Amino acid sequence: MEQKRGISGWVSGPRGQWITLIIWIMIVAVLNGVWPSVKSQEQNSAANLAADTPSVQATLVAEREFPSKAGTPALLVWKRAGGLTQEDLKDLQSLTKQWEASPLPDQTAVMPLHKLPLPALQAQLSNDKSTLVLPVLFSKEADVGQLKEAVAQLKQQAAAQFGSNPFGESVDSTEALSARVTGPVGISIDATGLFMNADVSLLIATVLLVLVILLLIYRSPMLALIPLIAVGFAYGAVGPMLGFMAQQGWITVDAQAISIMTVLLFGAGTDYCLFLVTHYRHLLAHVSDKRQALVQALKGSSGAIAMSGFTVVISLLVLLLAKYGAYYRFAIPFSLSILIMGIASLTLVPALLAIFGRASFYPFVPRTPEMEEDRAKHRGKPVRNKKANKSSGWIGRVVVTRPWTIIAITVLLLGGLAGLSTRIQYTYDILSSFPSTMESREGFKVIGDQFSEGELAPVNIMIDTEGKEVSLQNELDSLPYIDQVSAPQKGQNNEHMLAYSVELSLNPYSLEAMNHIPEIRAAAEAALLASGIDGVEQKVWIGGQTATQYDTEFVNDRDTIIVIPVVIGLIALLLLFYLRSIVATVYLIGTVVLSYFSALGLGWLILHYGFGVEAIQGAIPLYAFVFLVALGEDYNIFMVSRIWQKSKEMPIKQAIREGVNETSSVITSAGIILAGTFAVLATLPIQVLVQFGTVTALGVLLDTFIVRPFMVPAITAVLGRRAFWPGKLSRVEEQSAATD
């Protein structure tokens with residue numbers, strides 16, 4: 001039968017299918033040949049806080065008035081449980097003498113232990129004489145790669161000096177000498193190393209997982225490969241596009257964004273493919289012409305696919321409103337990848353299905369009853385009557401016969417889990433995102449155990465005295481959580497500027513330390529006011545890692561307050577435009593938000609009580625919200641659109657029953673794949689991704705197995721024809737309502 005021309009007819013046509021495939025091949029080949037890869041444009045040290053943030057302004061003031069020519073410190077932590085021996089100290093003196101005479105690459109200074117008498121050196125040890133911290137400073141202009149190379153040489157020379165490698169010994173060893181590199185240099189090297197090759201391992205794990213799940217669901221090798229081929233083409237196009245934009249300075253990309261983008265492409269992209277494939281397979285059992293079936297499948301599912309993709313794209317673009325760099329940098333890579341994947345789902349996937357036809361489903365090829373009969377005659381075998389699976393439609397029957405029971409059970413379950421979200425503890429400590437065996441974290445723990453944790457990251461306080469006497473040191477010394485305050489240092493350009501280095505008596509990366517920043521600022525302002533200085537808010541600057549984390553929490557809260565309402569508002573508008581129902585829009589948004597808080601609560605339950613996580617990263621709630629709400633509405637749109645379509649031909653309850661039964665298998669399959677891909681993030685040694693992957697995967701599973709098949713259709717069944725308001729009822733439903 002001659003198909004009407006149009007995108008769906010052309011893509012699935014005899015020539016269009018091959019032209020579409022060739023166009024995609026050419027696009028990917030040209031983009032990768034002309035533009036750089038996105039990985040080559042990574043900037044993993046990009047700033048997350050804006051220039052007007054107080055801690056950033058404090059850094060600028062410090063660089064102007066109190067410039068340090070020494071450089072960035074690497075703290076070498078040396079420990080022997082029984083006490084450092086004289087031989088250990090002599091070897092360390094030999095090392096510092098060597099590094100002073102022949103500096104390491106980019107080294108600017110080293111503590112000259114070789115110039116200290118042995119008694120003076122022993123005075124630098126911890127109270128139990130087991131630990132020594134040796135600072136080695138490197139150029140501030142050196143990047144992480146250069147620092148990593150210099151530290152590698154440092155370790156080689158240390159191993160040669162000691163005759164063994166102390167950096168390979170356990171810090172808990174009772175006999176051997178151990179060493180760890182921590183401080184700013186060690187932390188930056190470890191932070192970058194966590195993401196090194198993470199996208200490669202993540203890509204391999206995700207591909208294998210999706211392939212296995214598709215094979216288990218559809219038991220067809222070709223059908224398992226078609227979505228992966230489409231995702232691969234989309235990935236091949238997105239990579240150089242992002243690389244070009246990063247090269248031009250339009251965007252900034254980092255390894256974390258690329259890792260999550262990979263998961264998003266394979267998870268959401270495969271879902272879009274399944275929406276079309278499932279509809280196509282269903283039609284092949286009723287339509288003999290494979291091209292006609294494909295055109296009908298594409299017309300029937302393209303609206304839901306396009307709307308789902310557009311919802312995710314718009315939601316992710318809202319991250320452009322964020323001020324925190326990590327959020328802002330996610331917006332373009334994520335939204336662009338979904339946009340390209342949506343285009344591939346509506347063009348490349350139909351072309352591939354048209355090329356392979358029914359063979360896509362081999363060995364379980366769907367055929368019409370007439371085709372099955374002809375096939376049986378040729379093979380000389382009787383036609384087997386396929387027994388209907390009586391249990392296949394039980395969900396649809398339950399939600400329309402017992403909707404109030406379903407609503408009560410699901411609300412109690414999800415509400416209880418959501419209540420747990422109020423008990424979540426948050427942290428902005430970068431070290432807590434490292435594995436406990438990471439070198440810089442182990443070194444920091446030794447410093448905290450043997451010395452003062454505050455020594456690792458002091459708080460820097462700068463004030464403008466206007467030439468008056470200010471007793472700030474006494475004010476700071478009186479605070480119970482401050483361990484030590486340095487003598488004031490005068491500014492280089494403004495002699496009225498004074499700087500104090502403050503060591504806290506607690507972990508400077510902890511939430512408790514962060515909460516003391518306003519008190520420290522208030523003490524500094526009070527000291528200035530007592531000296532008769534006006535406008536004190538503009539004359540106090542507080543810097544250091546603790547202040548940076550405090551500002552991070554403040555900016556994160558600001559972004560959460562702005563991004564979440566905007567995402568909800570935009571999705572509501574899109575749903576209202578697509579469904580033309582205010583009532584449906586309200587309860588669809590409400591169920592997704594409830595599912596989100598339930599995912600947070602369940603995630604905290606598992607992470608905290610199951611894996612011993614004391615606090616989750618502060619960025620997790622906003623990350624999870626944007627993904628869960630946007631992706632959760634995908635399933636809402638797909639299922640509800642099918643119910644809406646069927647309601648034009650049958651009463652609403654029958655439409656719900658059939659719509660739920662027809663979409664349950666594809667939504668279940670899609671949900672398992674999406675949750676599985678996000679769960680892959682939990683295999684990486686990066687706690688922020690482990691926590692994000694866990695919470696998001698749980699949220700997808702709650703959507704897939706509770707919200708979508710039970711809660712949403714049950715609410716729709718209770719509302720009945722009111723779910724369409726203010727839309728008009730179908731003619732069939734009007735007749736049904738008139739007879740009630």
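On a predicted model such as this, the values are computed, not experimentally measured, just so you know. Computed over heavy atoms, backbone and side chain alike; hydrogens, waters and symmetry mates excluded.
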Run Arg708 and Thr704 through side-chain contact (heavy atoms from CB on, under 4.5 Å) and show every step you take.
CA-CA 6 Å; Arg708 220 59 56 225; Thr704 302; over 6 Å; no
Would you compute the distance between atom [atom1] of [X] and atom [atom2] of [Y] and round it to the nearest 0.5 angstrom?
X      : Y      : atom1 : atom2 : value
Thr270 : Phe275 : OG1   : CZ    : 11.0 Å
Thr311 : Tyr578 : OG1   : OH    : 9.5 Å
Leu702 : Phe597 : CG    : CZ    : 14.0 Å
Ser664 : Ile395 : OG    : CD1   : 5.5 Å
Cys273 : Ile229 : SG    : CD1   : 10.5 Å
Thr696 : Leu701 : OG1   : CG    : 11.0 Å

Let me check something: any side-chain donor-acceptor pairs from residues 348-363 under 3.5 Å, sequence neighbours excluded? List them with distances.
from: Arg358; atom 1: NE; to: Pro366; atom 2: O; distance (Å): 2.8
from: Arg358; atom 1: NH1; to: Ser288; atom 2: O; distance (Å): 3.0
from: Arg358; atom 1: NH2; to: Leu284; atom 2: O; distance (Å): 2.9
from: Arg358; atom 1: NH2; to: Val287; atom 2: O; distance (Å): 2.8
from: Ser360; atom 1: OG; to: Gly357; atom 2: O; distance (Å): 2.9

- request: Could you give me the CA-CA distance, side-chain angles and deciding distance for Ile672 and Phe705, then say whether side-chain contact (heavy atoms from CB on, under 4.5 Å) is met?
  value: CA-CA 10 Å; Ile672 291 174; Phe705 292 102; 4.0 Å; yes
I'd like to check [X] versus [Y] (side-chain heavy atoms, cut-off strictly below 4.5 Å). Are they in contact?
X      : Y      : result
Tyr272 : Ile338 : yes
Val707 : Val592 : no
Leu264 : Leu316 : yes
Phe577 : Leu573 : no
Val28  : Tyr235 : no
Leu600 : Leu417 : no
Leu228 : Phe266 : yes
Lys653 : Thr401 : no

- Query: Yes or no on side-chain contact (heavy atoms from CB on, under 4.5 Å) for Leu242 and Ile258, after CA distance, side-chain angles and deciding distance?
  - Reply: CA-CA 10 Å; Leu242 293 175; Ile258 295 173; over 6 Å; no
Restricting to non-hydrogen atoms, name the atom on [X] and the atom on [Y] that form the minimum distance, rounded to 0.1 Å.
X      : Y      : answer
Ser259 : Leu689 : CB-CD1, 4.5 Å
Ser335 : Ile332 : OG-O, 3.3 Å
Ile305 : Ser345 : CG2-CB, 4.3 Å
Ala224 : Leu211 : CB-CD1, 3.8 Å
Ile251 : Val253 : CD1-CG1, 3.8 Å
Pro333 : Met261 : O-SD, 3.8 Å

TODO: May I have the step-by-step check of side-chain contact (heavy atoms from CB on, under 4.5 Å) for Val660 and Phe710, ending in yes or no?
DONE: CA-CA 9 Å; Val660 169; Phe710 292 103; over 6 Å; no
Under 3.5 Å: donor-acceptor pair, side chain of [X], backbone of [Y]:
X      : Y      : value
Ser581 : Ala723 : yes
Ser37  : Pro240 : no
Tyr596 : Pro621 : yes
Ser595 : Thr591 : no

_Greater than 12 external heavy atoms within 6.0 Å of Phe244's CZ_ =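 For Phe244, atom CZ is crowded (more than 12 foreign heavy atoms under 6.0 Å).
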Q | Aromatic ring pairing Tyr623/Phe692, orientation class (parallel under 30°, perpendicular over 60°, tilted between) | A |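 The arrangement is perpendicular - the two ring planes meet at more than 60°.
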